[in-house]
Each structure stands twice: as C-alpha cells, then as structure tokens.
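From a predicted model like this one, the values you see are computed outputs, not experimental measurements. In what follows, every chain begins at residue 1, and chains take the letters A, B, ... in the order their sequences are listed.
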Amino acid sequence: GQQVMQIPQYQHVQEGEDFTTYCNSSTTLSNIQWYKQRPGGHPVFLIQLVKSGEVKKQKRLTFQFGEAKKNSSLHITATQTTDVGTYFCADQTGTASKLTFGTGTRLQVTL
Amino acid sequence: NAGVTQTPKFRVLKTGQSMTLLCAQDMNHEYMYWYRQDPGMGLRLIHYSVGEGTTAKGEVPDGYNVSRLKKQNFLLGLESAAPSQTSVYFCASSYSTGTSGTYEQYFGPGTRLTVT
C-alpha cells in the first residue's frame, strides 16, 4: 500500500530559526493536506494543495507541492513558541475523501 | 456548535473486556472516520462511513466494529480488547465531495485507551 514518510521525525530549534518538514510518497499524491497537532491535542487542518508545483502561504508558513506530485514541504520562517507541535501531511484520495497520513514531524521551539 | 465530540476521554480496560467509543458531530457531515494514533506512526484509518447506515473498512480494521445508525453518530466497538489496541483514538468528520473545493476533516479531542 501507499507509504507517506516525513523527515525529519523530530526537530528542535531556537525561536527565530526557520524550520522545514518534508513529505515523500511511494506513489503519486492526489491532494495533499497539512495538519497541525499541538501536544495533547487533536489534528487541526492547515491547508490543501491540489496542483503540481503549487505554492501557498499562510503568514510565516509556506506550503509547496512537488512538480511530480510525489512530495510536499512545509516551511516555517522565524519560528515562534506557538509553532510547537507535530505537523502531518496527508494524501486525500479515493472514495470518501480518505486520508493517508504521513508519519509526522515533531517541532520543539525554545527561547 | 460543539463540532466533533468523543466519549469517554480516557478508559482503562483489562484484556478481553469490551467497550464502545462514541463520536458525535453537529455539522451535518456525511462522512465520518475512526483513526488510531500510535507513537511514530501517524494516524491510521480503522473504519469509515459515507453516510447513515453505511460503513467500510480502512487500513487497520481487525479487532474493531463500527455502526452508523444516525447521521450524527459513529460508534467504534472493541469486542475483546487486546494490549495491542492501547492507543489514542480519534474520530473525524467531513463534508462529502462535490465538484471542487477543500474538504478538510474535523477531528474530535480523542480517547486515550489503555488495555492491560
């Protein structure tokens, strides 16, 4: 079956540093969604990417969909302590808009 | 709107016991899902439903059963709990797909289950 891997598994940065997580799939991705899960919380939707090469921005967050639709990335500029959490990519495909989640990247930000 | 709610929040079971997790949503969503989350493995789909009275298997359905008797509720049952079912369980719901648009999933707060 499809495997969606994220790297790194964990990253610890100082506040103000940049952060990037990469999402790679063994098969072509359909629609990529990104979710954030705060410690002890539940996943919350951030954004959806549909088109090859698509780039979307949300304030300090930049999301990119690869040209071949086999990878995606999330870049955070100048991290803040509020960015702490685990970031998941998920491929939305097939019937019922099912999601295949990536393994997640846990971000820790310290002052 | 409460969104997606789950009960209970925590539960400890002994091996072989049974239990039912309840998920309720007040957004009139057609689609509902049950996931389990284990460390380092992301979220994995257990079962899902595309509407009242319908259910289907996801990626890891063994040991679980589900029912969707009412549109707003989706129940997850464990008939004979095993330690391997120790996990955090999330319910989610979404609108059904139309022509185009973003159909994100809305998640409940989760149920932390420990099987000893």
Chemist: Are B/Leu43 and B/Val88 co-members of a hydrophobic cluster defined by side-chain heavy atoms under 4.5 Å apart?
Modeler: yes
Chemist: Can you tell me if A/Gln9 has over 12 outside heavy atoms packed within less than 6.0 Å of its CD?
Modeler: no
Chemist: Do you reckon A/Leu61 sits in the same ILVMFWY cluster as A/Phe19, going by side-chain contacts under 4.5 Å, direct or chained?
Modeler: yes
Chemist: Are more than 12 heavy atoms, taken from residues, nucleotides or ligands other than A/Arg38, located less than 6.0 Å from that residue's CZ atom?
Modeler: no
Chemist: Let me check something: do A/Leu49 and A/Val4 share a hydrophobic cluster, defined by ILVMFWY side-chain heavy atoms less than 4.5 Å apart, either directly or through other members?
Modeler: no
Chemist: Sort by residue number and list every residue of residues 101-111 of chain A having at least one heavy atom under 4.5 Å from chain B.
Modeler: A/Phe101, A/Gly102, A/Thr103
Chemist: Quick one: which residues of residues 57-67 of chain B reach chain A at under 4.5 angstrom, heavy atoms only?
Modeler: none
Chemist: Does B/Glu79, at its CD atom, have more than 12 non-hydrogen atoms belonging to other residues, nucleotides or ligands within less than 6.0 Å?
Modeler: no
Chemist: At what distance, to the nearest 0.5 angstrom, does OH of B/Tyr103 lie from CD of A/Gln33?
Modeler: 11.5 Å
Chemist: With clusters defined by side-chain heavy atoms of hydrophobic residues (ILVMFWY) lying less than 4.5 Å apart, directly or transitively, does A/Ile76 cluster with A/Trp34?
Modeler: yes
Chemist: Could you name the residues of residues 105-116 of chain B that have a heavy atom within less than 4.5 Å of a heavy atom in chain A?
Modeler: B/Gln105, B/Phe107, B/Gly108, B/Pro109
Chemist: Would you mind checking which part of A/Tyr10 comes under 4.5 Å of any heavy atom in chain B, side chain (CB onward), backbone (N, CA, C, O), both or neither?
Modeler: neither
Chemist: Is there a path of hydrophobic side-chain contacts, each under 4.5 Å between heavy atoms, that joins A/Tyr87 and A/Ile32?
Modeler: yes
Chemist: Above 12 or not: heavy atoms from other molecules or residues under 6.0 Å from CE of B/Met19?
Modeler: yes
Chemist: Could you tell me the separation between the CG atom of A/Leu99 and the CD atom of B/Glu104, rounded to the nearest 0.5 Å?
Modeler: 10.5 Å
Chemist: Side chain, backbone, both or neither: which part of B/Leu45 has an atom under 4.5 Å from a heavy atom of chain A?
Modeler: side chain
Chemist: Against chain B, label A/Gln37 side chain, backbone, both or neither, depending on which of its atoms sit under 4.5 Å from a heavy atom there.
Modeler: side chain
Chemist: Show the nearest heavy-atom pair for residues B/Tyr33 and A/Ala96, with the distance to one decimal.
Modeler: OH-O, 2.5 Å
Chemist: How close do A/Gly41 and B/Phe90 get, counting heavy atoms only, and between which atoms?
Modeler: O-CZ, 3.6 Å
Chemist: Could you tell me which residues in residues 68-76 of chain B have at least one non-hydrogen atom under 4.5 Å from a non-hydrogen atom of chain A, sorted by residue number?
Modeler: none
